[in-house]
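Let me begin by presenting the structure, written as structure tokens, before commenting on it.
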There are 2 protein chains.
Amino acid sequence: MDMEAGTRPATDQEIYQRLWSAIAERQIGPGTRLKEEQLSEIFSASRARIRQVLQNLARDGLITLVPNRGAFVSQPSTEEARDVFFARRTIEERLVEKLCATIDAGGIDRLRNHVEAERRAHSNRDIAAAIRLSGAFHLLIAELAQSQILADLLRDLVSRTSLIMAMYRQKDVLNCGPDEHNAIVDCIVARDAKKALAVMHHHLAHIENQLDLEADRVAARNLEDILGA
Amino acid sequence: MDMEAGTRPATDQEIYQRLWSAIAERQIGPGTRLKEEQLSEIFSASRARIRQVLQNLARDGLITLVPNRGAFVSQPSTEEARDVFFARRTIEERLVEKLCATIDAGGIDRLRNHVEAERRAHSNRDIAAAIRLSGAFHLLIAELAQSQILADLLRDLVSRTSLIMAMYRQKDVLNCGPDEHNAIVDCIVARDAKKALAVMHHHLAHIENQLDLEADRVAARNLEDILGA
DNA sequence: TTTGCGATGATTGTTGACAATCTGTCGTAT
DNA sequence: ATACGACAGATTGTCAACAATCATCGCAAA
């Protein structure tokens, strides 16, 4: 977190965005405790407002509110992780399907430009930007598909996916490159809904399979939670 | 609202549930203003807690928070209404599909019993119960399908559907009876995922088609919003 | 040495009061 | 008679202090 105290009062929206980004982009690790007073100093805001923001973040699943204990960056269980991917497949398969029917030239441009930006970040080894853009690609699809409700939910799911990857990614696996995203765009441009759906399914399954979501790992983690901090 | 002041402090959860039910079950009409102090008296709670609850309800889309004006029961636009049904189809089709693969005897019992309860309420002309049970049926499916994320979202969508029906239902159309629900259960019991999906799609489309979501109606409503209270 | 217990400090939960903002009304000038 | 502007009431937004709760540490007893 590159936030400094003493800056002039930040609006609730800004505080929310700032924390959201910091968690979703893995600048704050899972399990980290967020103290209200600490945050109120950082953002020069009263505790009441911090509290509101925390409540919203909790509803997004990014942090977990423990009564009388405080707020912690969530540590999604493997069940929750699988559920997130199940929900993402459900939503995103439908969105690309719809997008194939409704995309226009402007939308195609935005998709192409975005994938190009991803490619640049990737070749520049700019990991932070790659993570951010990778998530933003999925959000762009949701935006173009014009379903506000599913787009809002997907925003949460994408950020939770970041958390999940921070916890369960196997060390030797890197982020998926922009190639699969490009393949999805190709399907959309070709207006091949069936294939677009299949490629999206494959893409999300691919990400999920890169994770280490085995049961024994769960036990180990839970034990660690019980014993450690 | 059959709430009384003077009762001992209600927990946030209770306040939320109480308001949620009241709106989702159409005891409070769209557009109704909810004053914080009024609510704090009703629930014997401080304004701060009421405020928190209102924020949560706003996030569910049940109420709309206007800065410096207060909270109003939402008046979904026709676009939002269609979006709600689009999201519901997306989610519920997938859930019944999954349920066909994972349902067990206990789950079947619960589904059967629920439909039976719906039938009783319907034949007794207990409209309020019928509305509540009709929504609860869909939530039961989500619960049995064991996707917490989609179940949570669906809960919001079902309540928003109630609001939408309160606004856009054509006068001569009644609530759909429990027959379609029963058909869905039959498909699930038969583990016919493809048919279950189709029947669910038909069911939701049926509800949507009963509504009056034409464009001219939109204009009239928007005009009313601009001119009136 | 280990275990149970009580004091202490830190952190969250709650409240009531105060400030800012908006709506509607009344008075005045044109 | 109408339009503009200031005033009053009501309502929301914000805050800082107080109360309740929890984790930690030290101490004594087995």
Value in whole Å for how far the [atom2] atom of [N] lies from [atom1] of [X]:
X: Glu41(A); N: dA16(D); atom1: CD; atom2: C1'; value: 15 Å
X: Ile50(A); N: dC15(D); atom1: CD1; atom2: P; value: 10 Å
X: Leu54(B); N: dT11(D); atom1: CG; atom2: P; value: 15 Å

> Roughly how far, to the nearest 0.5 Å, is the CD1 atom of Ile207(A) from the CG atom of Leu211(A)?
Replying inline: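 Between atom CG of Leu211(A) and atom CD1 of Ile207(A) there are 8.5 Å.
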> At what distance, to the nearest 0.5 angstrom, does CD of Glu118(B) lie from CZ of Arg132(B)?
Replying inline: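 So the gap between those two atoms works out to 11.0 Å.
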>> Please determine whether side chain to side chain donor-acceptor pair (under 3.5 Å) holds for the pair His181(B) and His138(B), giving the CA-CA distance in whole Å, both sets of side-chain angles, and the decisive distance to 0.1 Å.
In response: CA-CA 9 Å; His181(B) 287 180; His138(B) 293 264; 3.2 Å; yes
Which atom pairs, one a donor and one an acceptor, fall under 3.5 Å between side chains of residues 57-69 of chain A and the rest of the protein, sequence neighbours left out?
from: Arg59(A); atom 1: NH1; to: Asp60(B); atom 2: OD1; distance (Å): 2.8
from: Asp60(A); atom 1: OD1; to: Arg59(B); atom 2: NH1; distance (Å): 2.8
from: Asp60(A); atom 1: OD2; to: Tyr16(A); atom 2: OH; distance (Å): 2.2
from: Thr64(A); atom 1: OG1; to: Ser74(A); atom 2: OG; distance (Å): 2.9

>> What does the B/S/- profile of nucleotides 7-14 of chain C look like, 5' to 3', with a 4.0 Å heavy-atom cutoff to protein?
In response: ----SBBB
> Is there a donor-acceptor pair under 3.5 Å between the side chain of Asp83(A) and the backbone N or O of Glu79(A)?
Replying inline: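 Side chain of Asp83(A) to backbone of Glu79(A), a donor-acceptor pair under 3.5 Å: no, none is there.
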